[in-house]
Amino acid sequence: MIHTLDLPECVHFHNCGANRSKTLERLVQVLKTKGCGEINNSHIGNNETLAGWVHRRRDHGNLIFVDLRDRSGIIQVVFNPDLSPQSHKISQQLRNEWVIQVTGTVNPRPDGTQNADLTTGTVELVSEQIKVLNTSKTPPFYINEDSEIDEFIRLKYRYLDLRKQNMKKILSIRHQVVKFMRDFLDQREFLDVETPILIKSTPEGARDYLVPSRLYPGKFYALPQSPQQLKQLLMVGGIEKYFQIARCFRDEDPRADRVVELTQLDVEMSFVDEEDILALIEELYSSLVKTLFPNKKLMTPFPRMSYKDAMDTYSTDKPDLRFELKMSDVSKSVTNSEFKVFSSTIAKGGIVKGFSAPRCAGYPRRQLDDLVEFVKTKGANGLIWIALAGESGDLDNLTVEQIKSPASKFLSVETVKNIAASTGGGIGDLIFLIAGDDKSTNLALEALRNEMGRRLDLADPDMLAFAFVTDFPLLEWEDDSNSWTAMHHPFSSPKDGTEHMLNTSPESVIAKQYDLVCNGVETAGGSIRIHQRNIQEKVFELMGHSKEGIQEQFGQLLDALEYGAPPHGGFAGGIERLLMVLTGINNIRDVIAFPKTQTGVDPLFQAPGIASEGQLKELHLKTTEE
RNA sequence: GGCCCCGUGGUGUAGCGGUUUUAACAUACUGGCCUGUCAAGCCAGAGAUCGCCGGUUCGAAUCCGGUCGGGGUCGCCA
């Protein structure tokens, strides 16, 4: 029994890991005295031993130059037959990616031969001794220059791809970001607690990855989609402040910004309300950026908007706030329009909504046609554009001749004026409108807004426009299942005093739920959780679960809530998403050391692989032909 | 599960209005020359039956169908 043990005194727990040993010496690497990229003018005259990969070799017959690369950078090594015939002879054999160790003197480069592109460009290592540590086959793609390589080949040879300076830089950034998070939370007395990878399937959410049980035929573990219930149980367990860099698994089709196996910063606290969590998130993310990316611009304090305002104004719950382009619902202006696309849409209960692109009245027809096609691929039926031709002027003086639109003959000047006033468009601007049902219209408008932001180059690439979106509805009606479904997840708490509305008008219950968005990406999300069994059960019931089903699927959590569960809440932040925003990299696989393809394949290990008959038998599994 | 795009020497591309294409170019690769280059340069050489299968045709890298692989996207991702 652990309470009978006399536990050793550790440093008081809030100090654990906070102090790094001052006496910790730099790790000595036996085969080299310095990193290639560390050498500079201060080392001139020193005798150094370097080791790394042959980045490039330039053979002048007598004089041979080798760019030697290791993680720290690149330095030029000179092989001079007059100074060291032995090493010059060996250097003739060298090829790209061979691994060598070179000992020599750091010399200043002769005047006029300095290379400003290298951090070590003012010096060079003059080889006195060289040892080939390993040879290399010719790599399947360039490591010493940047060019577009088929991603599958890059992944198949990921260990070579990672040798590129950019990839090493990304992994270094990832390390620093995660380390910052750990240190930040450690300093605030959060405990890093690991939770199981093999747990149990829960019916909500994404498809689970299943692991067959050898000991229990026909039963399966599931990999966690997130440690949600576990961290809530840690709160019941009195941990009070928990965090984890947690791996999460969701068996859904990947996208450019989505992978099946992702990493989250998972945080949970007890005895807190929304404001405490929001303050923590803001402090964490803003100090992370200020410390690690001092050149990035932030808007602090982070702007906040309600879910409703975000949807109304930006047609999305994850707006890119680096640029304006605000939406307006013009349904009222066009309810009785002769233009059937508008009037019939509204008659069917749909909306007409759009925004104005400033100074774009002269936007080329061809590009407009492209945009029409673009929104169709995003689920809209079409796109109506209205260009208000002219340099400038008062909207009141708008004339029929100035209105350029495929719908112009159906739209009166008065209607266009109303639409323009509503969308904030003026003479010289271009108005985009989409008609359709609420959901698909907003989806297409979000895509169009981001597309126009890109085309018009409206977003400052150095800006990190963090913002909070709050006040999400707790539930939304789902026609397919004919039941309520949790908008975020079923554990979010209703706002204080609104619990009774769960019985009367579930749709109007607002949750203590928040997202952190940045540049159009959802980077984190969380909520204050329900900590009372009856309310949690009520939410599950609304979601169409039976009493028995609830106990079967969520019994562990519900039971725990009955044993003095403290009020608690937290958040989870996607590490890959954050790295994409921080680095500007659009491909999520580029911020992961060993990612899978969009079809869930690991080209390097060729996973998933087939299991042997013996393995299947042990697991009580039989495979069938499709 | 639907839709769109891509697949040509090691890599990246061109060729795709059907037959002088003996599949071109760059780079990488191999050999030679060369003492200050840094994407070194110069000379020479080797290397792809055009993802795979089938069809149309006198003739297919090229057109058609299927299939496999990759990317993007909708569904899905509480």
Side-chain angles (χ1 to χ4, degrees), chain A residues 55-68 74-83 88 92 95-97 107 109-118 120-121 124 126 137-157 160 202-208 225-226 228-229 248-260 262 373-374 376-380 440 443-444 447 472 474-476 478 480-481 484-492 511 513 522 525 527 539-540 543 553-554 572 574 586-587 589 596-601 603:
Chain A
H55 188 65
R56 195 171 260 126
R57 188 180 69 107
R58 292 176 294 279
D59 185 348
H60 287 238
N62 281 312
L63 216 49
I64 292 175
F65 300 96
V66 165
D67 291 339
L68 187 64
I74 290 173
I75 188 169
Q76 174 166 283
V77 181
V78 189
F79 296 89
N80 189 326
D82 301 336
L83 299 175
H88 179 265
Q92 288 176 317
R95 292 295 180 271
N96 284 352
E97 300 309 313
N107 274 7
R109 291 202 188 187
D111 280 345
T113 66
Q114 287 90 352
N115 184 350
D117 294 335
L118 287 182
T120 59
E124 60 193 10
V126 179
K137 290 167 71 174
T138 302
F141 51 80
Y142 307 109
I143 290 159
N144 52 17
E145 63 182 82
D146 287 322
S147 54
E148 290 290 312
I149 308 292
D150 183 84
E151 204 182 335
F152 192 81
I153 296 174
R154 285 178 57 201
L155 294 182
K156 186 175 173 188
Y157 296 95
L160 297 179
T202 54
E204 291 301 316
R207 199 176 292 114
D208 285 313
Q225 293 176 30
S226 84
Q228 180 61 36
Q229 291 190 55
C248 307
F249 306 88
R250 295 170 191 177
D251 189 3
E252 300 293 346
D253 293 353
R255 288 285 190 288
D257 62 346
R258 211 162 78 190
V259 278
V260 295
L262 58 130
E373 288 310 306
F374 175 78
K376 282 181 182 171
T377 67
K378 300 295 175 183
S440 68
L443 207 64
F472 282 78
L474 182 67
L475 299 162
E476 60 185 343
E478 199 172 61
D480 295 349
S481 58
W484 296 96
T485 178
M487 196 141 179
H488 189 68
H489 62 53
F491 312 110
S492 295
Q513 197 168 288
E522 184 192 323
S527 64
V539 171
F540 285 138
M543 294 173 59
Q553 290 151 9
F554 302 102
N586 295 322
N587 180 345
R589 293 176 294 277
K596 291 177 182 58
T597 68
Q598 200 171 58
T599 44
V601 168

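Proteins get letters first, then strands, A, B, ... in listed order; numbering begins at 1 in each.
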Paired with [N] by Watson-Crick or G-U wobble geometry, both distances under 3.5 Å: which nucleotide is it?
| N | value |
| --- | --- |
| B/rU57 | none |
| B/rC3 | B/rG72 |
| B/rG41 | B/rC33 |

Looking across every strand, which nucleic acid part, if any, lies under 4.0 Å from [X] by heavy atom: base, sugar-phosphate, or nothing?
| X | value |
| --- | --- |
| A/Arg589 | sugar-phosphate |
| A/Ile153 | sugar-phosphate |
| A/Pro140 | sugar-phosphate |
| A/Ser226 | base |
| A/Glu476 | nothing |
| A/Gln76 | base |
| A/Glu97 | nothing |

For atom [atom1] of [X] and atom [atom2] of [N], their distance in whole Å:
| X | N | atom1 | atom2 | result |
| --- | --- | --- | --- | --- |
| A/Ile149 | B/rG71 | CD1 | P | 16 Å |
| A/Asp253 | B/rG1 | CG | C1' | 9 Å |
| A/Phe79 | B/rG36 | CZ | P | 17 Å |
| A/Gln598 | B/rC76 | CD | C1' | 13 Å |
| A/Asn586 | B/rG72 | CG | C1' | 12 Å |
| A/His88 | B/rU37 | NE2 | C1' | 13 Å |
| A/Leu155 | B/rG71 | CG | P | 8 Å |
| A/Ile64 | B/rC38 | CD1 | C1' | 14 Å |

If you measure from the [atom1] atom in [N] to the same atom in [M], how many Å do you get, rounded?
| N | M | atom1 | result |
| --- | --- | --- | --- |
| B/rA40 | B/rC33 | C1' | 14 Å |
| B/rG47 | B/rA60 | C1' | 24 Å |
| B/rG59 | B/rC42 | P | 45 Å |
| B/rG31 | B/rG17 | C1' | 43 Å |
| B/rC38 | B/rA28 | P | 13 Å |
| B/rC25 | B/rU62 | P | 22 Å |
| B/rU49 | B/rC58 | P | 27 Å |

When you compare the ring of A/Phe141 with the six-membered ring of B/rU11's base, are the centres less than 5.5 Å apart and the planes under 30° from each other?
no
Measure from the side-chain heavy atoms of A/Arg258 and tell me the nearest of B/rU11, B/rG75, B/rA39.
B/rG75
Could you please name the option among B/rG71, B/rG36, B/rC74 that lies closest to any side-chain atom of A/Glu151?
B/rG71
The answer to which of A/Asp67 and A/Phe152 contacts RNA chain B further toward the 5' end, by nearest nucleotide, is A/Asp67
Comparing A/Asp150 and A/Phe65 on RNA chain B - which has the more 5′ nearest nucleotide
A/Asp150
Counting neighbours of OH on A/Tyr157 that are heavy atoms of other residues, nucleotides or ligands and sit closer than 6.0 Å, is the number greater than 12?
no
Check whether the side chain of [X] and the base of [N] form a donor-acceptor pair under 3.5 Å.
| X | N | value |
| --- | --- | --- |
| A/Arg250 | B/rC77 | no |
| A/Glu148 | B/rU11 | no |
| A/Arg109 | B/rC38 | yes |

Name the orientation class of the two ring planes belonging to A/Phe554 and A/Phe540 (parallel below 30°, tilted from 30 to 60°, perpendicular beyond 60°).
parallel
Is there a side-chain polar atom (N or O) of [X] under 4.0 Å from OP1 or OP2 of [N]?
| X | N | answer |
| --- | --- | --- |
| A/Arg58 | B/rG41 | no |
| A/Thr113 | B/rU37 | no |
| A/Thr377 | B/rC74 | no |
| A/Arg154 | B/rG12 | no |

Which residues satisfy the salt bridge (charged side-chain N to carboxylate O under 4.0 Å, His left out) test with [X], sequence neighbours excluded?
| X | value |
| --- | --- |
| A/Arg255 | none |
| A/Lys378 | none |
| A/Arg154 | A/Asp161, A/Asp590 |

Could you run through nucleotides 26-35 of chain B and give me one letter per nucleotide, 5' to 3': B if any protein heavy atom sits under 4.0 Å from the base, S if only the sugar-phosphate is that close, - if neither?
-BSSSS--BB
Side-chain H-bond candidate by donor/acceptor type, A/Gln225 with A/Asp208, under 3.5 Å:
yes
Exactly one candidate in A/Arg56, A/Arg57, A/Arg58 meets salt bridge (Lys or Arg N to Asp or Glu O under 4.0 Å) with A/Asp67; the answer is A/Arg58
Nearest non-hydrogen partners of A/Asn62 and A/Pro81, listed with the distance:
O-CD, 3.4 Å
Can you name the residues that form a side chain to side chain donor-acceptor pair (under 3.5 Å) with A/Glu124, not counting sequence neighbours?
A/Gln76
Under the side chain to side chain donor-acceptor pair (under 3.5 Å) test, which residues partner A/Thr597, sequence neighbours left out?
A/Thr599
